[in-house]
Structure formats: C-alpha cells, structure tokens
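First listed ligand is number 1; within each ligand, the first listed atom is number 1.
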Amino acid sequence: MERIQAPRGTSDVLPEDAERRLRLLRLCEETLGRAGYGPIETPAFEPTELFARGVGETTDIVEKEMFTFEDQGGRSLSLRPEGTAPVCRAYVEHGMHKLPQPVKLWYWGPFFRYEAPQAGRYRQFTQLGIEAIGSDDPSLDAESILLLSELLERAGARGVRVRLSSLGQPETRRAYSDELREHLRAREDQLSDDVRARLDRNPLRAFDSDHAGTRAALEDAPRLLDRLAPDDAEHFAEVRALLDAADQAYEVDGTLVRGLDYYTRTVFEFESSELGAQSALGGGGRYDGLVEQLGGPPTPGVGWAAGIERILLAADVPPAAQARAAFVVRADGGSTALAFSVARELRRHGVRAEMEQAGRSLKGQLKHADRLGADFVVIVGEGDLQVKDMESGEQRPVSSTADVIDLVAGSSG
Ligand code: AMP
C-alpha cells in the first residue's frame, strides 16, 4: 500500500524535540506567570469574519494565507492564522472589561497559514503570545517587550535584535498613506509589480518588499515616525525611556510596518541573526482600536506573538534536571507481577521507572537498561530481589520492595 504522509508545510514533533518544546513551555509559564499573565486557550478555528474584520481584508494573511472552509451549516470558518483577534473576541464575549484592568493573558498553540513552506516557515506552526488589554499605559508596551526579551534570553536564543517604531493613530496613518502613495506614484516605474498593484489599497506594505527598485524608491520617502501626533510621539518617547532605563537594547526603525492592520502606536519585531531568510522570532505592538472593531467597548491593548519553531532554531534551551531512572528486569523465574509493582512503586516515589516489556533475555535487558541511561537496575529473580547501581557497578540483594524504594528513590534527592 502507498504510504500516507503528513501534509506539506506540517511536521511531526518527535520525542526529543517535543521535550525541548515542553521545556520552553515551562519557561514561558514561569516567566509570564511571574509578571501576572494568566493562561488562555481559544479554539483552533473561528468565524472567518473575525479575521477579515480584525486583521484586515487587504492583508496578505486574510487575502491569501487562510485555510477557510464552510461547515455543514454553511458557515464560513477559518483555521486561526494569528492569536490577537481571537483573544480580543474572547475578552468581549466573556465581558472581561468588567474585570480589574488591564487583563493580562498568554497563550501557546497551533496556528495555520497557507504560505510557501521553507526553513522556518510552515503551514502549521506554534505561537506563544501575550496580550495586555484595558490600558494604554506606555509601561505595558515596555513591559511586553522586556518579557519577550527575557524569555528569549532564558531560552538561550542567540543573535537577538529588536526593532521598534510607532504607527500613531489610524487618521495619521491614512494621511501618511496618501503622502507615501504620492511619493511612490512619482517613482512608479521603479516599483515591483506587487507593490504597484497594492499602491491604492495599502502603500505602507512597500516597506516589507525586498525588491531593489522598490527599496530605492523608498530611500527618500517621508517617514511615518516624523508625522506622529504630539500625544503619540510622547507615548513613544515614554516607551523608549522605560526601555532605556531597563537597559534594553533596541533600534528605532521607521520602516517597520507590521503585516496586520490592527496596530496603533508602538510596533516591534525581534529577529535573530542565527536564522536565514525567515529571521523574525516574534513581533507585536499596540492595537487600541481592535476590541471596539470586534464589537466591544473602546479598549486599548498591547501584545506580541513569537514563533516556537523559530525560537528553537535559534536557541539552546537549557536541559531540565533529570529524575533518577531505574529499569526493572526479570531474571529466570522472576515474577512479572512483582516487577510490574516495583516499577509502579518507584514511579510513585518520583523515579523514572520502566520494566522489561519486549521479551529480551537477561543480557538483552541489561543492555537495554544501559541504553535507557538507567541509574539503577532492579533485578527480580525467583524469590530474590537485587539492586544494581549502574554508576558504581555495585550490586546488592534487598529483601522487599520498600528496600528497593529506599535505595533508589532515597538517593534521588
Ligand atoms: P506575525 O504576527 O506574522 O509577525 O508572526 C509572529 C511570529 O510567528 C513570527 O515572528 C514568526 O516567528 C512566527 N511565524 C509566523 N508565520 C510563521 C510560519 N508560517 N511558520 C513559522 N513561524 C511563523
């Protein structure tokens, strides 16, 4: 029979990698929990309308990258391509504006985008994200940046660089878009087809292009950062002052535009020089209009999302402390029931314990124990029990399961 393979752009996570991911997950939970962020989970699919309205109709994500389908009832649903709109939907749906503000949340889970797969870019990937909803205080912008920075540092990510900018208010951005459009129109013959096609609807996306002509046309273009309204400029200055006070390195980059429409004021992106073309580890910013856009009360918010697979490509996540390990083998005439119960008792006492389950000879079992990295081997014989310390090689008889526990679990602390 022909073999069935995982879909393009997806991959299985085998135990060794899955363990690294779990270590990273624990690190996230600890780092974010300390800062007052609580975990939230939202569904893997949502009404398509949520992303059309939240992320923006003319964004790449909504235009080209969503896995959209109709359910049996004729409703249009989409696998979630990002997490901020779903979390804001949940905030509105559960009346979280009545809780003490800001509401601080974090999530971790699978996301889906129909993109051309390459190193660091998949059709199913895992994002970790945080959202702080209900306050426009600049300390939240700075805090969220510092948290991603701390996480990446604890995870051991190498070559991390932070780019920071402000997009101001939608009105400012609209006026600036007109100005930029004019500028680019005057240089239309230099632009890529893609940028030219989008000039009417979304000229800012020209900044995401790596087309040489487009880049040249942008060189002397006006910058949105120079057009910010006074209170937005002041908000941005406060965010920077807090980052400076915390010794957080960053680069102000007026060409940074994020590919989602909901951003206002602060935007940022974390990159790693360890990665190739797909160098973004994570990014985010403030979205003061999004909750209202989704039918909630006017509510500011700020957050980011980071790609777990990319973090793992750029980081050596520190190993977790290993529990003591034991392997229970059965010599000729040894009782299976006793071996089974010794293994179970050892686990109840915090030891990683397995027993022989593949019909190996005694020699084969001992070899397997070695392969598993067992610290101890418990040998269940006919009417006798022995414990072998694999490090010292010392082997001694014991009289009961309780003695095995004493010897093996007792030395685990
Ligand atoms: P974005 O909101 O698009 O900036 O995504 C946030 C982060 O998610 C990015 O910085 C990447 O680390 C990760 N990410 C986004 N799209 C993909 C993808 N197709 N494959 C793997 N990681 C991704």
Side-chain angles (χ1 to χ4, degrees), residues 6-13 17 21 24-25 28 42 44 46 50-51 54-56 58-67 78-88 106-131 144-145 147-149 151-152 155 157-165 167 202 204-205 207-208 253 255-264 266-287 290 301-315:
R8 224 165 101 69
T10 72
S11 51
D12 303 306
V13 181
D17 276 337
R21 289 162 72 103
L24 186 56
L25 176 61
C28 295
T42 62
E46 294 273 359
L50 173 66
F51 302 110
V55 178
T58 66
T59 57
D60 276 355
I61 290 179
V62 170
E63 255 183 2
K64 313 187 231 174
E65 297 172 2
M66 283 207 297
F67 284 92
S78 293
L79 295 184
R80 57 184 184 179
E82 65 95 53
T84 302
V87 170
C88 288
W106 72 275
Y107 60 82
W108 165 298
F111 289 83
F112 308 86
R113 294 184 192 173
Y114 193 78
E115 296 193 88
Q118 63 177 91
R121 191 161 75 190
Y122 318 104
R123 291 183 175 168
Q124 174 173 337
F125 54 99
T126 313
Q127 274 188 349
L128 157 75
I130 70 170
E131 314 294 349
S144 72
I145 293 170
L147 281 172
L148 182 50
S149 183
L151 249 174
L152 291 172
R158 296 173 300 260
V160 178
R161 206 168 70 109
V162 183
R163 294 190 297 143
L164 178 71
S165 192
L167 301 178
N202 204 344
L204 260 74
R205 297 304 307 280
F207 285 112
D208 286 339
D253 180 353
T255 71
L256 177 64
V257 287
R258 304 251 316 132
L260 304 89
D261 279 356
Y262 51 61
Y263 288 113
T264 53
T266 315
V267 285
F268 51 89
E269 207 150 88
F270 282 64
E271 294 172 348
S272 166
S273 55
E274 293 282 307
L275 301 177
Q278 303 301 318
S279 62
L281 289 172
R286 184 163 275 290
Y287 44 84
L290 180 58
V302 61
W304 48 254
I308 296 308
E309 291 79 11
R310 292 203 197 155
I311 293 177
L312 291 173
L313 286 173

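Residues passing the side chain to side chain contact (heavy atoms under 4.5 Å, CB included) test with S144, sequence neighbours excluded: I130, F268, V302, W304. Qualifying side chain to side chain contact (heavy atoms under 4.5 Å, CB included) partners for Y122, counting only residues two or more places apart in sequence or in other chains: F125, E309, L313. Every residue meeting the side chain to side chain contact (heavy atoms under 4.5 Å, CB included) condition with A157, not counting sequence neighbours, appears here in chain and number order: L152, V160, A315.
Protein neighbours of ligand 1 below 4.0 Å, counting non-hydrogen atoms: R113, E115, G120, R121, Y122, F125, Q127, R258, A280, L281, G282, A305, G307, R310.
Classification of E46 and R80 as a salt-bridged pair fails, no side-chain N sitting under 4.0 Å from a carboxylate O.
Heavy-atom contacts from other residues, nucleotides or ligands closer than 6.0 Å to OH of Y114 number 12 or fewer.
Exactly one of Q278, R163, R310 qualifies for a side chain to side chain contact (heavy atoms under 4.5 Å, CB included) with E271. That residue is R163.
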